2 protein chains.
Amino acid sequence: MAAKRSGALGKRSGRRKMASPSAPEQHGEPSLSLERIVATAVDLLDAHGVDGLTMRRLADCLGSGVMSLYWHVDNKEEVFDLALDSALEYRGPPRTAETPDWRPEVALMLEDWRAGMLRHPWSAALLSSRALGPNILGRLELLGATLSRAGVADADLNVAIWSLWNYVMGATITRTSFDVAGNDRSATRQRPAHPGGAYPTIQRSRLLLDDDWIGTFRKGLDLLLAGIAPRS
Amino acid sequence: MAAKRSGALGKRSGRRKMASPSAPEQHGEPSLSLERIVATAVDLLDAHGVDGLTMRRLADCLGSGVMSLYWHVDNKEEVFDLALDSALEYRGPPRTAETPDWRPEVALMLEDWRAGMLRHPWSAALLSSRALGPNILGRLELLGATLSRAGVADADLNVAIWSLWNYVMGATITRTSFDVAGNDRSATRQRPAHPGGAYPTIQRSRLLLDDDWIGTFRKGLDLLLAGIAPRS
DNA sequence: CGATTGACTCGTACATTGTACCATGAGAGT
DNA sequence: ACTCTCATGGTACAATGTACGAGTCAATCG
């Protein structure tokens, strides 16, 4: 109850400088702003991963003092939330005609979502442990609407949406995590460490060596989509 | 390249005390051991979540000095790896007769896996960003073997395994994350925060309010399993 | 005009973390 | 008695998130 505005009020509501007339900035450091902070955070995350983002580093990149950030942002958590939502920005459907064929449409949609997350490899893991921002909700909404328009019964809608969500999330998280770990850590365990042949099936199918992520993703997705029945 | 044994050699190979004859311990603090460390770490994780596990706290719970841990363990990361693998310990299949019906068998298997992760809510998120330990590999192996025995063609095996893995991981991570966040953070965003009705489909289907996790999980899983065809 | 206010910046300071380094002790083998 | 290895743990340090409060500057009000 004590301090500040703690929550939804005040502070970063009014922009800054309120669009100052001519040009007191626009060259070196255009002062601070939520947008700039978030954009820089995304860059840092892309470049150095989740652990690479520290408030100090962020401030350095912005050419400001560390504590200045805290005027625009409550805490580091919020930086994560905002960066996440910004990275997964959702540009509406290409151009939805009238659903000529819904399955490829949904597949395309989910592939785009997945591609977006892969472009920012930190995002998938973060998304799973964080509140859903407006952009992700937008994607969910579009997915639901498309399925519904395709004729999926309301009773089956949630199952369909969640199944797809789960699948995409799982696939993307696994993928990014393998990528990151593949270089050092997991290499020790996955790649060579099957001396006695304790895992014959895995070894035979070369499960952990399979590099065709896109293909596997697509096929599994088709499997799921095939199970989703329009009408009933 | 400098220090210690850096990697796979020495140190915690020989147990400890080499099974000392009578009883210099077994009451207050039975000295340290990898097993005790890992077990306590799991308890701490269960009780306080990922952030609640600190080396100091772990040492306190064990009644030892902080640095003593580092004789048994390289670093905190390794504690996580070990705790994870220990939490997901895999007790073989109940009793595999001869595959009377493979689909329920696989479903049971995956539900058990999921239940195991839900019993340790920190494990799902951790598993996704970490190398696979022997216990998880064991589960994967059993899954693959079962599918293979059920007649899934080798060419389709990887897709089937990964699809199921992805689905289970996504579902479980989402579930635990919603649980954790549901109390405070996400409540602000998910539950009431749809004033203008920006997400009509989501709202109508009550997607984010649906609490029937088990049912949804099961149905989605059935969807997937139905798509996996034995033989071809 | 000067005083006040409020938006915004940032240096200092602190608590908390992982862990490097080093000193210590216990038991076994010589 | 000595030394060697196993094992413990205290001290110390660097990195982090962030509370606190002092500073700046422009707009507003008297």
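In what follows, chains are A, B, ... by sequence order, proteins preceding strands, each numbered from 1. Both backbone and side-chain heavy atoms feed into the values below; hydrogens, waters and symmetry mates do not. The model shown is predicted, which means the values in this text are computed figures rather than measured ones.
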Non-hydrogen atoms of B:Asp212 and B:Gly215 that approach each other most closely: OD1-N, 3.0 Å
N/O donor-acceptor pair under 3.5 Å between A:Ser68 side chain and A:Ser64 backbone: no
Cation-pi, A:Phe217 ring and A:Arg114 (6.0 angstrom, 45 degrees): yes
Residue-phosphate contact under 4.0 Å: A:Ser68 side-chain N/O, C:dC10 OP1/OP2: yes
Rounded distance [0.5 Å steps], OG1 in A:Thr54 versus CG in A:Asp60: 8.0 Å
Closest heavy-atom pair and its distance - B:Ala125, B:Ile173: N-CG1, 4.2 Å
Side chain proximity check, B:Pro134 to A:Tyr199, heavy atoms < 4.5 angstrom: yes
Distance test, side-chain N/O of A:His72 to OP1/OP2 of C:dA7, below 4.0 Å: no
Residues, nucleotides or ligands: over 12 heavy atoms within 6.0 Å of A:Arg206 CZ: no
Nucleotide C:dT19, atom P - distance to CG of B:Asp74 in whole Å: 10 Å
Under the side chain to side chain donor-acceptor pair (under 3.5 Å) test, residues paired with B:Thr201 that sit two or more places apart: A:Glu141
Rounded distance in Å - CG (B:Leu34) to P (D:dT8): 11 Å
Distance, rounded to the nearest Å, where A:Leu62 contributes CG and C:dC8 contributes P: 16 Å
By ring pair (Phe, Tyr, Trp, His ring centres under 6.0 Å) - contacts of A:Trp113 (at least two apart): A:Trp165
Pick out the pairs of N or O atoms, protein on one side and nucleotides 26-28 of chain C on the other, that lie under 3.5 Å.
none

Interatomic distance, B:Leu69 CG vs C:dA20 P [rounded to whole Å]: 13 Å
Overall bend - the helix from C:dC1-D:dG30 to C:dT30-D:dA1, comparing terminal axes fitted on five pairs, nearest 10 degrees: 30°
Parallel, tilted or perpendicular: ring planes of A:Trp162 versus B:Trp213, cut at 30 and 60 degrees: tilted
Side-chain donor-acceptor pairs under 3.5 Å in residues 39-51 of chain B, sequence neighbours left out?
| unit_1 | atom_1 | unit_2 | atom_2 | d |
| --- | --- | --- | --- | --- |
| B:Thr40 | OG1 | B:Arg36 | O | 2.6 |
| B:Asp46 | OD1 | B:His120 | ND1 | 2.8 |
| B:Asp46 | OD1 | B:Trp122 | NE1 | 2.7 |
| B:Asp46 | OD2 | B:His120 | ND1 | 3.0 |

Rounded distance in Å - CH2 (B:Trp71) to P (C:dA20): 16 Å
Tabulate atom names and distances for all N/O pairs under 3.5 angstrom spanning the protein and nucleotides 11-18 of chain C.
| unit_1 | atom_1 | unit_2 | atom_2 | d |
| --- | --- | --- | --- | --- |
| C:dG18 | OP1 | B:Lys76 | NZ | 2.5 |
| C:dG18 | OP2 | B:Met55 | N | 3.0 |
| C:dG18 | N7 | B:Arg56 | NH2 | 2.6 |
| C:dG18 | O6 | B:Arg56 | NH2 | 2.8 |

